[in-house]
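Notes to accompany the following structure.
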Amino acid sequence: MCGIIGVTGSDDPFGLILDGLTLLEYRGYDSAGVALVTGRELWRRRSAIRGESIGELLRLGPTAPVARAGIGHTRWATHGAPTEHNAHPHVDCTGRVAVVHNGIIENHREIAAKLDAEGHTRTSETDSEVVAHLVEAELASGADLFEAVQRCAKVLRGDFALAFMSADEPEVLVATRRSSPLIVGRTDSIGLVSSDISAVLGTTRELYAIGDDEVAEVRPGSIRIVDAEGSTVDPVPLRVSWGVRAALREGYEDFMSKEIHEQPRALADTLVGRILPEGTTELEELEIPAEELASIGRVIVIACGSSYHAGLAGRAALESWAKVPCTVEIASEFRYRDPVIDASTLVLAISQSGETVDTFHALREAKRRGARTIVLTNVVDSLMAREADGVLYTRAGPEIGVASTKCHTAQIVLLQVFALHLALIRRQLTPEQAAVIGARIASLPGLVERAVGQFDTYRATAEQLAEVNDVFFLGRGHGYPVALEGALKLKELAYVRAEGYPAGEMKHGPISLIDRHAVVVVVATRGALFEKLLANIEEVRARGATVVVLCDEGDEEAGELADIVLEVPAVDEMVAAAVCVVPFQVLAYAIARARGNDVDRPRNLAKVVTVE
Ligand code: G6P
């Protein structure tokens, strides 16, 4: 959720930290702060102007002191309101130790009570500040910063990424993590710490992962990492597949519209080399032997948010093509059930970021219970990619807008490729059938391009709905996950109450809510349930609702039932979701913009959710 960056050995640590924070801002933007070591003193500035804190810090640039090292943070509030005194970095009582934190210290109350009894003075309501005081106590007993962090990490419970500096060791940064991601990097003269690869790519591509409970000491040009037992570990180099430019807006009004437009490319890149003309598949990073995949008894997909909807969209293909039973589960629920899992269960985690803590822990739990595991993610070498037995990488490039668009459609398409792959391994499709399906999947970048080509039409249509307050999104079969995603997008971006519902289930309760004030959006592209869906549309029309119909281009039968029509190119229903979702992305985008909302940084949300 929050973003962390630390720099040592630079002539301009303030500039590098602010550049990094700007790139990290999508992770959290309630407040931000920087601490620098200048001479043998700490200089700290924080700001809590939502969405503007980094700008405020940038304005301080000319007044920042000469320094060689510093740490910075951009926050998504969990404990304590998004105020300046709760913003990171936090300092100890002496003001000589600074810490930035991402995650949650679960035993912070217990630690705080002990620290308070010992006479420490805390100045924030955060769970994070206790860590600065714990380190202070260790330093007072003679430890250096590295040892102090090693000892302090042992008493912490929860998920965390932490970076520290001390005025008494001006060129040293110390970092540690458990579950939350944190990486370190170096050039010949600089050392770096960051929660995110993209924030430091402008300085170096020589980056290393820090493992769970390891502690890293970063100095100008050098890195030392030890494990929880104190033994030195060889740092694991990270593979970096993105350039710096991919994270720039490049002339678009915002990242979200850029990323909607990038979908054809994201899908094409995700498919490159994976479907051969005869319908066979190549998934080289999968790493699980074909014979093991062939014997899988069932698939459980775990995910959150839009990734969960991508899982629902891919389920039909896993069942229908590969003939494998498949359930799709919300990761935060799955983890705390007592799921029945054995070695024939394949647990497939879907996560754009590869680090959502609910999905990560659910994946770990599945592994612990003996499942084979695969993660479908967009981030190479991310936490989950390192945890799972096999990986499926979408190749969508970095997604900065908080609400997922190009990663969501890339996930759907890659899941369909995986379903085809599994179907072939399990000999559930004839070569002819596989070739037809392969060609349909391969046509998706072009079809999505045609849908994206109607961005301005969708936007103009959506603007008629700028005042809506309550919307039902309905769908059946392939349209149901699309309806769920449409509703989620509208909630996230436009702050409009929206519900995604299976159209056939309306009559069992929610139809009582339909009257002439209701707006109902229906996914009515052609498929096996088309006739039944038309009947469902009639039911809501009869009660006076305003009906928005998403249908195939030129489909008069569906169009006639609508007050407002959104059209997409016709496509086979088994692979239709990635095409159908595009107008809903634009719908939410346009309504949010019309209401003056920040589409890249919607209120209360964060791109990467590293708390439970
Ligand atoms: C957050 C984001 C959503 C995303 C979800 C899952 O809630 O705002 O856009 O779908 O996390 O993220 P993941 O990285 O695991 O796909």
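Read the numbers this way: they start at 1 and go in the same order the structure lists the ligands and their atoms. Residues: numbered from 1 along the sequence shown. Because the structure is predicted, anything quoted here is derived from the model rather than measured.
Using a 4.0 Å cut-off between a side-chain N of Lys or Arg and a carboxylate O of Asp or Glu, R75 and D30 do not qualify as a salt bridge.
Numbered from 1 in the order shown, with element, the atoms of ligand 1 that lie under 4.0 Å from a heavy atom of S404 read 9 (O). Those atoms of ligand 1 with a heavy atom of S307 less than 4.0 angstrom away are 10 (O), 13 (P), 16 (O). Proximity to S306 (heavy-atom distance under 4.0 Å) selects the following atoms of ligand 1: 10 (O). Near V402, with a cut-off below 4.0 Å to any heavy atom, the atoms of ligand 1 are 2 (C), 8 (O), 9 (O).
Y495 carries R603 over the face of its six-membered ring, with the cationic atom under 6.0 Å from the centre and within 45° of the normal.
Remark: ligand 1 and Q411 share no N or O pair separated by less than 3.5 Å (distance only, no angle test). Residue T359 has no N or O atom closer than 3.5 Å to an N or O atom of ligand 1.
Minimum interatomic distance between L162 and L182 (heavy atoms only, all atoms of both residues): O-CD2, 3.5 Å.
Partner V417 forms a side chain to side chain contact (heavy atoms under 4.5 Å, CB included) with one of T270, L392, L271 and no other, that one being L271.
The option from C304, A303, G305 that lies nearest to atom 6 (C) of ligand 1, judged by heavy atoms, is C304.
Between Y501 and F472, the ring planes lie perpendicular to each other; the angle is over 60°, past the 30° to 60° tilted range.
By the 4.5 Å heavy-atom criterion applied to side chains, R369 and D338 are counted as neighbours.
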